[in-house]
Structure formats: structure tokens, C-alpha cells
Amino acid sequence: MTTTTSDEYSVIGKRPIRHDGVDKVTGKALYGADMNLPGMLYGKMLRSPHAHARIKSIDVSKALSHPGIKAVVTSDDLVPLPDKNAEVGEDLYANMKYVRDRILASDKALFKGHPIAAVAASSLHEAEELLSLIEVEYEILEPVTDVEAAIEKDAPVLHDSIASFSLGENNFESSNIASHDQYELGDIDKGFSEADHTLTLEREFRTKTVHQGYIEPQNGTAWWRADGFVTVWCSSQGHFGIRDATATVLGLPVSKVNVVPMEIGGGFGGKLPCYLEPVAALLSKKCGSPVKMFMTRTEVIEATGPTCGSYVKAKIGITNKGKITAAKAELYFEAGAFPGSPVGGATACMLSPYNIENLKLDGYDVVDNKPKTTAYRAPGAPLGALAIETILDELAEIIGMDPIELRLLNAAQEGTRRADGVVNNKIGMIETAEAVRTHPHYISEKGESGNKLRGRGVALGFWRNNTGPASCVAVVTPAGTVNLTEGSVDIGGSRTAIAQQLAEVLNIPVEDVNPQIGDTDSIGYTSVTGGSGVAFKSGWAAYEAAQHIKNQLIERAAVVWDTDEDQIDYSDGFATHKSDPELKLSFKEIAAASNATGGPIVGSAGVNPGGVGGSYSAMIVDVDVDPETGKTDVVRCTAFTDAGKAIHPDYVEGQIQGGSVQGIGWALNEEYFMSEDGRVLNASLLDYRMPTSLDLPMIDPVVIEVPNPGHPFGVRGVGESPLVPPLAAVANAIHDAIGVRMSELPMSPNVILNALNNKKNS
């Protein structure tokens, strides 16, 4: 590892063993599907066999008369919700009908696997068999499963009442365009006129649908008690969001729904939405027993949210000295069955590494007959970066400039206005690019590869990072330890990273902090584990809770010494009398005497902090391409990310490596193979090809630290930006190897062979 961090802190920047590590490696940790309750039944979903069909009728009479079926639910059991935008919970707005219909379809099935009804039975296999007793009459409609086909004037229409929202002048020919966002700075025509002759390039890019590939399928266990309160156990990236969505579709106040977060086996954005939980709750209400539901892998791929396929047309102009004068792009992203693609993330981030005075970006949200897309690690940004970073690589080649030099010449810095209007505070773009330029990987020889063609590529990326509401409660025990309850679901070791920030303020060992995730009845509202915001927002809540405790420690020491609080200083884990420095009380001593000096010491905080800082990233990758088969092997990879401050360097490095691997898989192998009638033909991990450890070299992570001035410890967030550069970096490396520019993902062996054959025949 090449990570080096500053040594200015006692706890932050260190690498303690994660608090939940022993339970996870010994198998004691409980995940959602591990729930077992007295009298528990099993639920199973009936799913549409058609990608696009009108639901004419649902007959459950045979199912209700069968003694093995304990309960049946359809969309009629959900509360009626209007076809308009409204608030779903505390920080989410959505079309209410779409929220309801995604849980159980009402009038139309909009993708193969769309939930139609559900049953509960004594065993899982019995529930699966008895689904056949539900009779559904469909009017089969023509599906559309490609973003370019969906925007054609005569394309099949998914939603008769969709209201297209547009920024900028647009007359939509397609009813499948749900919205249009536009970012514009400067004068785009003037900018292109300032580019030197032949140095304006326009290229088109196409990508396929890909899945996040988390190892644990979606699950949910619910118990609707006789008193009208519902408890849900599930694995998700935000149990408050699950609570709010469940309460909305069931017509309950949130105070009657308690969601208990279980451990989570990966999510990467795909476990933000609610799928099974409300259905399990309805089945439980009808049968009076707790009901557990979980998906098969096929259901996960067919019926949960992947990220989008896309079509992007981008244009960049530069001078012969490498200065970017203008950039323009049109982006069409699949939203799947309901509006809400990640196109906004692409338009906000794709040009953010650079200072471009003249730009225009148009993003289009397009519905088609696939599952509703959800977030996937820096949602949208990798696809935007693919277009920009490959065009910049081509322009650098044309003018004979080193690709990193071109990027440094145009680098964004503090005070640069981004495409989305945000003016940068202190950022690490230049430091990231400089780290690439001077890295041994970048300046080394590529080496020989035998009969294969070796190439090297580089690309940069950006993710804006998110914040949101967060809560922490910290209870000091008489033993001098701290029980810390926080509201962010732990993915990637965030429990420990949050505990480190509390321990840093109190100057106590992080091993003396016992972090846990509270259920929705036990902790204040905390927004989702997503947007690379947990270490930022929940870390800040822990920081404030620790300050609350620190103030109480000073108060208690003042009581012991019968003096004023302003005479007490707390540092290095000790309270000290300013007038008599020999008087000292340790944290543990004050804790032991807490009841005698005023009662339990409890610190708490609820925050919604501003000051979030964006994160820049980069990748250098070497590939070998076999000209006989088209197979591409990654032989060396170095990935860079500005963490602001690495709270726990091991976990930061892990995020960089994980994002890089996913990006390489997205670039080379992963895609949904769709049939003409809208079925996913590779709905298993045998056929959906993700990279394994056998496919990759060790990813060398480089952590850069340009502290974010908007956070007490300089945190930026690192969970997403590492996924932004790999698509373009691999594409640029393949071009370096075979001499052909790649504009279609995945760059699978058949695509590479076609490119090589076209090169031979041209």
C-alpha cells in the first residue's frame, strides 16, 4: 500500500481492528435472512412473466380457499396514493403512485419480474408452489428495453399520464422522456469558435444496464402486532427510508413502524429502495404471524434496481496548446419502469475536474421496460466521465501532449464554478493529477506482453459527495467506556470510523467505544448510507456528541474540586485544574464518579451539516489484449482518491480497491442481455459476469489528503469517487494497445474483435 497520512491525531488516521469484525468472521453476525421468530411464516412474490402488460384482472379465490395459504395480498391492499409528487418520509419526494406500484403493480406490469401479488405459507417451498393458484389475466403490450428505442416518436408508451419536466426549450416527441435537466455556463457557440481548427471532437457512447452485484439478496421480516404497531427486520442502506416508504404505502404514521437494521451484505446504492418489507407486513397483518421474505438471485437481477444503460453524445473543443474552450453533451439515461435515472449525477460531475468557461449539458430521464434503476456508487458519474475522459485522451494524442499535462492545464481549483453552479472551496484536483504524473506506475515502461498487445490508460473523475441529517447518542459507563448508538447503517467499517471521531475528541482509546446501529425507535432520523456521506455526517454527529460529553466532564471535575468550570481544562484524556496543574482526573476516574457528581453522563447530537467537499479520483491501468480472442486482461492498476482525511486508512484503501474492481468489471464484462420480449437472459451470477480475484492484479490504492475545510477533521468521503475513472481509463488503455477508440460498453472480447477486424478492413 502507498498510503501515508499525517500523524497529528491520536486516534484518527490509525488502523484499529473493526468492532464488528469478530462476529462477522466467526459467523455470529445476524443478517436480514437470519431472522427467526416464533410462529414465523414465509412469504413469496408472484411476478409478472411479461415485460409490458396491462393487468386486466387478478383472481385470488383459489388461493384463498387452499388450506396451505395463510394470507394473500395484491395492490388493492395498499392504500390508494395519488399520481403526483409528494413527500415520502422526512427527506424524499416522489410520485406517490409510482412508489406504490413499484411495491405491487396495480394497472400495468412494467418489467419482467414486476411484483403482482404475494402469499404466505408455512414453508418457503410451499409458498412458491401455491403461487400458481393466483390467476392473472394480462393484455400483453410491446416492450421497449433500449434507451434509444424508448425515445423514438412511435415507441411503446409506459405511462399514459407521465408529465415531462424540462429545463430549457424542448418539445418532447417521446412520452417516455420523464424529465430534462440543463446546465449552461458562458457562451457555448463562442467557446467552440475559439477552438483551433480540427481540434473540436464529437463522439457518441453507448453503455448497457449493469447490476451492483452485492452478495446478499434483498430480504424483509415483518410482524404486525395486535396493537397496530409493525416491526420490520431487514438489510438496507437506510432503515429510516424503509420505515418511511413502508408507512406511506400502508397508510400508517411513521410512529407505528419500527425498522430494525440487520447487518448488510453489500449494497453499493442498490439497497436504498423498499421492496419486500411492506408486503411482508401486509401478509403478517392478515395471518397474525410474523412473515419472512427474501429474494433469489434471479429475482435480484430481474426485479431490483440496476444502474442504467445510456446513450451519450459529447463534444469538446481545445486550442492547439491544450486549453479547453468549450464542452457540450446530451445524455439519455434509462430510468427503468419509473422515472428517476442517475442522469443528474452525470451532468453535475462529468466536467467538474476542469475549469471550463463555456459549457452546456442536457440530461434526459427516459423510462423503459426494465426494473426501476437505483443508485450505483457515484450514480451516473462513471458514464459521464467515460465520454469526457476518452475525448480528452484523443485530443491529447492529436496535439502530442501528455494526457495528464492536458488535464493539469485545465484543472479545476478553489473558486472554479462547476457545471451545476457550485463554486469550489478547497479541492484536491491538482494534487490528485500531480500524484498521478509523478507516480512510478505512470513514468515506468509498460514492458513486454508476449503475443498480446499491451496498453496503458489514465483517466480522472469526480464525485460531489453528500450530507444529510444524522444522530448519535453516547452513554458513558462507570467503567469508563462509551456505548455509542448511531443511525447510519454500517457498510465498509463506518461504525469504527464514527467511533474514532468520538474517541479523538475525548482522547480515549477507540477500543473503549462500543458502537452500534440503533433502530428507528431508538435514534433520531439519519439519512441513508449513500452518497459517501456517512463518515462526514454521522462522524460530525459523533464529534458533537463527544463535545457534549467533554463539557459534562469539565462540569463534573469542577464539582469534585469545588471550583468554577472556567478553571478546568480537558485535553489528552484528562481534566486539569488550570490554577493547580497537579490536580488531574482521568476520563475513567470522572466516569466512575459520575453518579456521585450529578448522574449519568450522556452526550447526544442531531445534525444536518453543510460544508460537504467533493472528491477527485484517478486511475492508471495497464492491459493486455489478446488479438486472437479479443480478451482483455488487467495486468497493473493504480487508483488514486482524495479522502480529505483518511479516518481509517485501511477502510479508505478498501473503498478505493472495491470501486476500482467494480469499474473494471463494468468496463470489460458486465451487461444485461435482453431478449426481444424484455427478459433478462443472464439472470444469475453464473451468466452475469463479474470479475473475481482471479481476473485482477492487486489494486494499488493511493490516498491523497487535501483536508475539507467544511468538516472538523477534514473528511470528504471516498465510497464513490473511485468508481468514476475506471471505465474511461480501461477504454484509453485498450486504445493504446490496439489503436482503436472504444465507445461501447462493455468492451467484451467480441466487441474488441469487431474493432480489430474493422481496423484491418478499413
Side-chain angles (χ1 to χ4, degrees), residues 10-12 14 16-24 26 28-30 233 239-240 258-264 469-491 493-526 529 534-535 537-557 570 573-575 585-607 647-648 651 712-713:
S10 60
V11 180
I12 287 173
K14 305 302 186 289
I17 295 172
R18 60 190 296 167
H19 297 75
D20 55 324
V22 172
D23 282 351
K24 286 183 174 173
T26 59
K28 292 182 179 179
L30 294 178
W233 296 262
H239 48 310
F240 284 92
N258 181 30
V259 178
V260 181
M262 309 298 288
E263 299 293 348
I264 179 171
S471 299
C472 282
V473 175
V475 178
V476 179
T477 73
T481 61
V482 180
N483 291 328
L484 173 64
T485 302
E486 46 105 352
S488 290
V489 172
D490 185 348
I491 301 182
S494 59
R495 277 187 187 90
T496 302
I498 293 166
Q500 284 179 271
Q501 294 180 67
L502 178 131
E504 183 66 44
V505 174
L506 298 176
N507 294 110
I508 62 174
V510 71
E511 292 80 9
D512 286 350
V513 181
N514 174 34
Q516 56 192 333
I517 319 302
D519 61 47
T520 57
D521 279 357
S522 304
I523 192 70
Y525 182 90
T526 301
T529 297
V534 169
K537 65 192 177 191
S538 286
W540 197 317
Y543 171 87
E544 295 293 349
Q547 297 290 353
H548 190 191
I549 289 174
K550 187 175 177 179
N551 291 337
Q552 294 175 70
L553 296 173
I554 291 172
E555 291 173 3
R556 302 309 174 87
Y570 183 89
F574 287 87
L585 286 172
S586 69
F587 179 86
K588 287 184 179 291
E589 289 173 327
I590 299 172
S594 59
N595 286 336
T597 57
I601 299 174
V602 179
S604 63
V607 301
I647 300 297
H648 193 303
Y651 302 158
F713 297 122

For Lys550, all residues meeting salt bridge (charged side-chain N to carboxylate O under 4.0 Å, His left out), sequence neighbours excluded: none
Contact check, side chains of Ser538 and Thr526, non-hydrogen atoms, under 4.5 Å: yes
With Trp233 via side-chain hydrogen bond (donor to acceptor under 3.5 Å, both in side chains) - residues at least two apart: none
Nearest heavy-atom neighbours spanning Val534 and Ser494: CG1-CB, 3.7 Å
Distance, nearest 0.5 Å, that separates NZ of Lys537 from CD1 of Ile498: 9.5 Å
Glu504 side chain vs Ile12 backbone, donor-acceptor pair below 3.5 Å: yes
Closest non-hydrogen atom pair, Gln501 against Phe713: OE1-CD1, 3.6 Å
Exercise: identify the closest heavy-atom pair between Ala541 and Cys472: CB-SG, 3.9 Å
Distance (rounded to the nearest 0.5 Å) between Ile590 CD1 and Leu585 CG: 5.0 Å
Residue pair Ala29 / Glu263: nearest heavy atoms and the distance that separates them: CB-CG, 4.0 Å
Straight-line distance of Lys14 NZ to Ile647 CD1, nearest 0.5 Å: 11.0 Å
Which pairs of donor and acceptor atoms, one on a side chain in residues 595-604, lie under 3.5 Å apart (sequence neighbours left out)?
unit_1, atom_1, unit_2, atom_2, d
Thr597, OG1, Arg556, NH1, 3.2
Thr597, OG1, Ala593, O, 3.0
Thr597, OG1, Ser594, O, 3.2

Heavy-atom side-chain proximity of Phe587 to Asn507 below 4.5 angstrom: no
Validation: residues 474-486 side-chain donor-acceptor distances under 3.5 Å, sequence neighbours left out:
unit_1, atom_1, unit_2, atom_2, d
Thr477, OG1, Ala479, N, 3.3
Thr477, OG1, Thr481, N, 3.3
Thr477, OG1, Thr481, O, 3.4
Thr477, OG1, Thr481, OG1, 2.8
Asn483, OD1, Asn514, ND2, 3.4
Thr485, OG1, Gln516, NE2, 3.3
Glu486, OE1, Ser488, N, 2.7

Flag, side chain of Gln500 to backbone of Val11, donor-acceptor distance under 3.5 Å: yes
Nearest-0.5 Å distance, NZ of residue Lys24 to CG of residue Asp490: 5.0 Å
Partner set under ring pair (Phe, Tyr, Trp, His ring centres under 6.0 Å) for Tyr570, not counting sequence neighbours: none
Rounded distance (nearest 0.5 Å) linking atom CD1 of Ile517 with atom CG of Asp20: 8.5 Å
Whether His239 side chain and Met262 backbone form a donor-acceptor pair below 3.5 Å: no
Contact summary for Arg18 and Thr496, nearest pair of heavy atoms: CA-OG1, 3.3 Å
From CG (Asp512) to CG (Leu502), nearest 0.5 Å: 11.0 Å
Check: Asn258 main-chain N/O paired with Asp521 side-chain donor or acceptor under 3.5 Å: no
Any donor-acceptor N/O pair, His648 side chain to Pro16 backbone, under 3.5 Å: yes
For the student: nearest non-hydrogen atoms of Ile523 and Phe240, plus distance: O-CZ, 3.3 Å
For Glu511, all residues meeting side-chain hydrogen bond (donor to acceptor under 3.5 Å, both in side chains), sequence neighbours excluded: none
Gln552 side-chain N/O to His548 backbone N/O, donor-acceptor pair under 3.5 Å: yes
